[in-house]
Asker: 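Sharing a structure, written as structure tokens. Questions coming.
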Amino acid sequence: MTSLPSSSAFSPDLALAPLHVVDLPWLRAAAVQLAVLRLDLIDPALSGNKWFKLAHHLEAASAERASGLISLGGPHSNHLHALAAAAARYGFSSVGLLRGHAQRTPTVDDLESYGMQLHWLGYGGYRERHQLGFFDTWRERYPNHYCVPEGGGGLSGALGCAPLVAHVQEKLATLGWTDYDGWWLAAGTGTTLAGLVIGEAGQCARRVYGALAGPPSHGVAHEVERLLIQADIAHPNYQLIDASRAGFGRFDAEVAAFILETEAATDVPLDPVYTAKAMMALRFHVARGYFPRGARLVFVHTGGLQGRRAAQAQLNELLR
């Protein structure tokens, strides 16, 4: 098994990520306890799991004396938002390769305010990101720039998330817990899930449940398997669950109502693309007895709230 690296100089302060139990009717009915790891509270600009995935990439860019960072994402991308903010904070320039055609969104406005140079690739051009040598042209155009995989992925991204396991274990006493039975989180690229599996390996290897934000055809299963092979994890304990509800980024009145009800009961804000769908999938499984009475789970709040700004009008309309 790959040994876990020491904390990166670019890592967020885990002390800023509280862990607290939430009380919801469907949890009480099943006698299941749920603690939420609030990564959304770490930093307003580098929210959620994105900073963890970037930490070792930033360290590698610094070691290479790179002058800037290049990565890609959509017009609401949480990853590009965090990367642009991190680049501005740590003295890198940044280049964003965006899906689709030029448009104004709150995220795009922020990217430009952080000084990111934007290039719109269209949809066909964005699909080419999986081709070998995709970044070569951009390296020529922006020499001395470090290329960060989509979503902050790769083994470096996963290893940046592995310390979350030790952090939660250190916090258990504050909940009155001595142990927990598993993890539940939204899975976009699967990088954070892989990091948790790596962090759990060699211990009790508690199961990590990944609620897919996109359909299984997006290839997350293959990516997670690839990362865990690279990390030399012999017997990974995880499960992927389709929580996409008709597709990535799509949501309906049921999702909107769930967000409203859950936020009112817990004061935990959710976004409709990742965390709300992940929590809804958990409710489905808890209500159907998937977990035994007395089970204790940790839900990772992966952030993504900046992306909710563009969806808020649609959420409001759905609630009418």
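These numbers come from a predicted model, not from an experiment.
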Asker: Is R320 reaching over with its side chain to a backbone N or O of E317, donor-acceptor style, under 3.5 angstrom?
Answerer: no
Asker: Roughly how far, to the nearest 0.5 Å, is CG of L19 from CG of L172?
Answerer: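 L172 CG to L19 CG: 7.0 Å, rounded to 0.5 Å.
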Asker: Going by heavy atoms in the side chains, are R38 and P269 under 4.5 Å from each other?
Answerer: yes
Asker: Is it true that a side-chain atom of H167 and a backbone atom of A17 form a donor plus acceptor pair closer than 3.5 Å?
Answerer: yes
Asker: With clusters defined by side-chain heavy atoms of hydrophobic residues (ILVMFWY) lying less than 4.5 Å apart, directly or transitively, does V168 cluster with L185?
Answerer: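 In one cluster: yes.
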Asker: Taking the side chain as every heavy atom from C-beta outward, state whether P12 and D43 have any pair of such atoms under 4.5 Å apart.
Answerer: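 Heavy-atom side-chain distance check fails, nothing below 4.5 Å.
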Asker: Taking V32 as the starting point, is it possible to reach V36 by hopping between hydrophobic residues whose side chains are less than 4.5 Å apart?
Answerer: yes
Asker: Tell me the closest heavy-atom pair linking S77 and Q306, and the distance in Å.
Answerer: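 What the structure gives for the nearest pair is O-NE2, 3.5 Å.
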Asker: Backbone N or O of N144 within a donor-acceptor pair of the S67 side chain at under 3.5 Å?
Answerer: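 At least one qualifying donor-acceptor pair exists.
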Asker: Please name the pair of heavy atoms, one in A231 and one in L155, separated by the smallest distance, quoted to 0.1 Å.
Answerer: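 Of all heavy-atom pairs spanning A231 and L155, the closest is CB-CD1, 3.9 Å.
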Asker: Quick one: does Y238's side chain get under 4.5 Å of E200's, heavy atoms only?
Answerer: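 Result no, sub-4.5 Å side-chain heavy-atom pair not found.
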Asker: Check ring pair (Phe, Tyr, Trp, His ring centres under 6.0 Å) between F135 and all other residues, then give those that pass, not counting sequence neighbours.
Answerer: none
Asker: Go through the steps for L227 and E223 under the test side-chain contact (heavy atoms from CB on, under 4.5 Å), then give the verdict.
Answerer: CA-CA 6 Å; L227 291 174; E223 176 64 9; 3.7 Å; yes
Asker: Within the structure provided, determine whether H79 and S71 are in side-chain contact (heavy-atom separation under 4.5 Å).
Answerer: yes
Asker: Taking atom CZ of R65 as the centre, does the number of heavy atoms from other residues, nucleotides or ligands within less than 6.0 Å exceed 12?
Answerer: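 Check fails, neighbour count at 12 or below.
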Asker: Do the rings of Y90 and W51 sit parallel, tilted or perpendicular, given the 30° and 60° boundaries?
Answerer: tilted
Asker: Please step through side-chain contact (heavy atoms from CB on, under 4.5 Å) for the pair N78 and T107, ending with a clear verdict.
Answerer: CA-CA 8 Å; N78 296 311; T107 303; over 6 Å; no
Asker: Return all side-chain donor-acceptor pairs below 3.5 angstrom for residues 188-199, not counting sequence neighbours, or 'none' if the list is empty.
Answerer:
from: T189; atom 1: OG1; to: T191; atom 2: N; distance (Å): 3.3
from: T189; atom 1: OG1; to: T191; atom 2: OG1; distance (Å): 2.8
from: T192; atom 1: OG1; to: N49; atom 2: ND2; distance (Å): 2.7

Asker: In sequence, state the C-alpha distance, the side-chain angles, and the governing distance for F251 and I259, and then conclude on side-chain contact (heavy atoms from CB on, under 4.5 Å).
Answerer: CA-CA 11 Å; F251 49 91; I259 291 174; over 6 Å; no
Asker: Quick one, W177 and V21 - any side-chain contact, counting heavy atoms below 4.5 Å?
Answerer: yes
Asker: Give a yes or no answer on whether the side chain of W184 reaches the backbone of M279 with a donor-acceptor pair at less than 3.5 Å.
Answerer: no
Asker: Considering all heavy atoms of both residues, which atom of V22 and which atom of L27 are nearest to each other, and what is their separation?
Answerer: O-CD1, 3.9 Å
Asker: Starting from Y274 and following side-chain heavy-atom contacts under 4.5 Å between hydrophobic residues (I, L, V, M, F, W, Y), which residues can be reached?
Answerer: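 Besides Y274, the cluster holds F248, V273.
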Asker: How far apart are the closest heavy atoms of L318 and A256, and which atoms are they?
Answerer: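 Of all heavy-atom pairs spanning L318 and A256, the closest is CB-CB, 4.0 Å.
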Asker: Looking at CD1 of I42 and NZ of K50, how far apart are the two atoms once the value is rounded to the nearest 0.5 Å?
Answerer: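 Those atoms lie 11.0 Å apart.
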Asker: How many angstroms lie between CZ in R250 and OG in S244, if you round to the nearest 0.5 Å?
Answerer: 9.0 Å
Asker: Taking only residues at least two apart or on different chains, which pairs with a member in residues 19-47 satisfy ring-ring contact (aromatic ring centres under 6.0 Å, His included)?
Answerer: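 Those involving residues 19-47 do not exist here.
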Asker: Under the ring pair (Phe, Tyr, Trp, His ring centres under 6.0 Å) rule, collect the residues that match up with H145, sequence neighbours excluded.
Answerer: Y142
Asker: Decide yes or no on side-chain contact (heavy atoms from CB on, under 4.5 Å) for Y290 and L282, but give the supporting numbers first.
Answerer: CA-CA 9 Å; Y290 194 86; L282 177 59; over 6 Å; no
Asker: Which pair of heavy atoms, one from E128 and one from F134, lies closest together, and at what distance?
Answerer: O-CD1, 3.4 Å
Asker: In the structure I gave you, are the side-chain heavy atoms of L83 and M116 within less than 4.5 Å of one another anywhere?
Answerer: yes
Asker: Who are the side-chain contact (heavy atoms from CB on, under 4.5 Å) partners of D252, not counting sequence neighbours?
Answerer: R245, E254, V255
Asker: Can you measure from CG (L69) to OG (S93) and round to the nearest 0.5 angstrom?
Answerer: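 Rounded to the nearest 0.5 Å, the CG-OG separation comes to 7.0 Å.
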Asker: Among all residues two or more places apart in sequence or in another chain, which pass the ring pair (Phe, Tyr, Trp, His ring centres under 6.0 Å) test with H81?
Answerer: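 If we apply the ring pair (Phe, Tyr, Trp, His ring centres under 6.0 Å) test to H81, skipping adjacent residues, the hits are Y114.
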Asker: Test H119 against every option in I70, L72, L98, V95 by the side-chain contact (heavy atoms from CB on, under 4.5 Å) rule and name the one that passes.
Answerer: V95
Asker: Please table the atom pairs, donor to acceptor, closer than 3.5 Å between any side-chain atom in residues 211-222 and protein atoms at least two apart or in another chain.
Answerer:
none

Asker: What closest approach, in Å, do C161 and F52 show between heavy atoms, and which atom pair accounts for it?
Answerer: SG-CB, 4.0 Å
Asker: What residues, two or more places apart in sequence or in another chain, satisfy side-chain contact (heavy atoms from CB on, under 4.5 Å) together with A310?
Answerer: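 Residues passing side-chain contact (heavy atoms from CB on, under 4.5 Å) with A310: H76, P106.
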Asker: Measuring from Q117:CD to E112:CD, what's the distance to the nearest 0.5 Å?
Answerer: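 If we round to the nearest 0.5 Å, Q117:CD and E112:CD are 9.0 Å apart.
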Asker: Are P75 and W120 side-chain neighbours, meaning at least one heavy-atom pair lies under 4.5 Å?
Answerer: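 Yes, at least one pair of side-chain atoms sits under 4.5 Å.
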Asker: What I want to find out is whether R309 reaches D110 closely enough, with some N-O distance under 4.0 Å, to be called a salt bridge.
Answerer: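 D110 and R309: salt-bridged.
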Asker: Can you say whether the rings of F92 and F10 are parallel (under 30°), tilted (30 to 60°) or perpendicular (over 60°)?
Answerer: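 F92 vs F10 ring planes: tilted.
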Asker: If you group Ile, Leu, Val, Met, Phe, Trp and Tyr by side-chain heavy-atom gaps below 4.5 Å, do Y209 and V165 land in one group?
Answerer: no
Asker: Please enumerate all residues that pass ring pair (Phe, Tyr, Trp, His ring centres under 6.0 Å) together with Y180, with sequence neighbours excluded.
Answerer: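 Partners of Y180 under the ring pair (Phe, Tyr, Trp, His ring centres under 6.0 Å) test: W183.
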Asker: CD/Q33 to CG/D181 distance, rounded to the nearest 0.5 angstrom?
Answerer: 9.5 Å
Asker: Under 4.5 Å between side-chain heavy atoms, chaining through other members, with only Ile, Leu, Val, Met, Phe, Trp and Tyr counted: pull out the rest of the cluster around I229, sorted by chain and number.
Answerer: none
Asker: Would a single hydrophobic cluster contain both F299 and V208, if residues Ile, Leu, Val, Met, Phe, Trp and Tyr are joined by side-chain heavy-atom contacts under 4.5 Å?
Answerer: no
Asker: Is it the case that over 12 heavy atoms from other parts of the model lie below 6.0 angstrom from the CZ atom of R127?
Answerer: no
Asker: Using side-chain heavy atoms (C-beta onward) and a distance below 4.5 Å, is L34 in contact with F291?
Answerer: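 Heavy-atom side-chain distance check fails, nothing below 4.5 Å.
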Asker: Hey, quick one: are L24 and M280 part of the same hydrophobic cluster, counting side-chain heavy atoms closer than 4.5 Å, chains of contacts allowed?
Answerer: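 Yes, one cluster joins them.
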Asker: Taking NZ, NE, NH1 and NH2 as the nitrogens, is one of them in D179 or R296 under 4.0 Å from a carboxylate oxygen of the other?
Answerer: no
Asker: Which pairs, with at least one residue in residues 258-272 and sequence neighbours excluded, count as a salt bridge (charged side-chain N to carboxylate O under 4.0 Å, His left out)?
Answerer: E263-R308
Asker: Counting distance only, does the side-chain N/O of D23 pair as donor-acceptor with the main-chain N or O of R28 below 3.5 Å?
Answerer: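 Flag not set: sc D23 to bb R28 has no pair under 3.5 Å.
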